[in-house]
Amino acid sequence: VIGTALVSIASGAVFSLAEHLAPMRPRRRLREAFAHELPYIVFASMLPALVLGWLGATLRIEGPVGHAPLVVQWLVVLAITELSFYAAHRAMHRVRWLWPLHRLHHTPDATSLDWLAGFRKHVGEALLHGFVLLPFLVVLAPSPAVIAFNAALGIAMNAFIHANVRVRLVWLERVIVTPRYHAWHHAADPRAQRANLAAKLPFLDRLFRTHHDAAGWPDELGLGAQP
Ligand SMILES: [Zn+2]
Ligand SMILES: [Zn+2]
């Protein structure tokens with residue numbers, strides 16, 4: 001819990017500074033952004049993470065990956081987190097009755113998409129991601145430290161991909177999701193909004209043919225594609 005909180009504070013400080021130094025779009029005041037996103041940070045990010053951590057610590061199941069080297073355990077956890085996120089995210093963009101859970105995440109427009117808005121999420125969406133991921137974690141039972149490390153990385157990456165920063169990271173975009181890559185997922189253009197679904201690894205979009213290959217940045221952000 002302490003490690004995850006420290007990572008949240010550190011990534012908040014880093015991305016606030018980056019947004020101040022090189023903003024891509026008009027910015028909102030930090031205090032305003034905090035006031036708006038705080039309920040989502042608490043109820044859709046911190047609370048589910050605490051419940052997941054508590055469940056992991058309480059269940060204490062001996063799983064098949066629990067004795068593997070930590071790096072191997074992390075690669076397994078990363079793979080299942082990314083695949084389960086991709087599947088749930090794709091379903092929310094395709095299935096009409098799941099869309100209301102995810103609609104909220106696509107409400108930021110050009111002046112409100114920033115690292116804090118990345119946490120804007122319906123509690124139902126957080127629960128859906130938890131329900132899809134939890135069975136895998138229970139069966140494989142990796143070390144709680146590995147789960148905590150992956151969760152902290154997830155928080156930092158979530159802040160990074162939503163950050164309002166003008167950065168060209170062409171070489172990096174092939175390996176990890178970047179602010180420009182994810183900005184296309186927040187584009188008002190429906191074709192772009194149904195694409196670039198991956199949270200960390202863009203190769204998943206290429207593998208499942210949901211990659212939106214466009215140069216530059218989207219002109220307009222906001223709600224675009226309703227299933
Ligand atoms: Zn989405
Ligand atoms: Zn997003």
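Order of listing sets the numbers, starting from 1, for every ligand and every atom in it.
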The Zn ion (ligand 1) to His185: nearest N/O/S atom name: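 Answer by atom name: NE2.
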
- prompt: Are the aromatic ring centres of His105 and His93 under 6.0 angstrom apart?
  reply: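 No, too far apart.
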
- prompt: Are His89 and His129 close enough that their ring centers fall under 6.0 Å?
  reply: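 They do not qualify: ring centres at least 6.0 Å apart.
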
- request: Specify whether an N/O/S atom of His105 falls short of 2.8 Å from the Zn ion (ligand 1).
  value: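 No, outside the cut-off.
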
Spatial distance of atom CG (Asn158) from atom CZ (Phe119) [nearest 0.5 Å]: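 Here the rounded value is 5.0 Å.
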
- request: Please round to the nearest 0.5 Å and tell me the distance separating atom CG of Asn196 and atom OH of Tyr181.
  value: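 Reported to 0.5 Å precision, the distance equals 4.0 Å.
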
N-O pairing of Arg180 and Glu173 below 4.0 Å: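 Judged by the 4.0 Å cut-off on N to carboxylate O distance, Arg180 and Glu173 do form a salt bridge.
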
message: Let me check your reading of the structure: within less than 2.8 Å of the Zn ion (ligand 2), is there an N/O/S atom from His186?
response: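 It does: His186 brings an N, O or S atom closer than 2.8 Å to the Zn ion (ligand 2).
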
field: Contact check: His162 to the Zn ion (ligand 2), N/O/S below 2.8 Å
entry: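 Yes - counting backbone and side chain alike, His162 has an N, O or S atom under 2.8 Å.
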
message: Just to confirm my numbers, could you give the angle made at the Zn ion (ligand 1) by NE2 of His89 and NE2 of His106, rounded to 10°?
response: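 Rounded to 10°, it measures 170°.
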
query: What is the NE2(His93)-the Zn ion (ligand 1)-NE2(His102) angle, to the nearest 10 degrees?
result: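 Value, to the nearest 10 degrees: 100°.
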
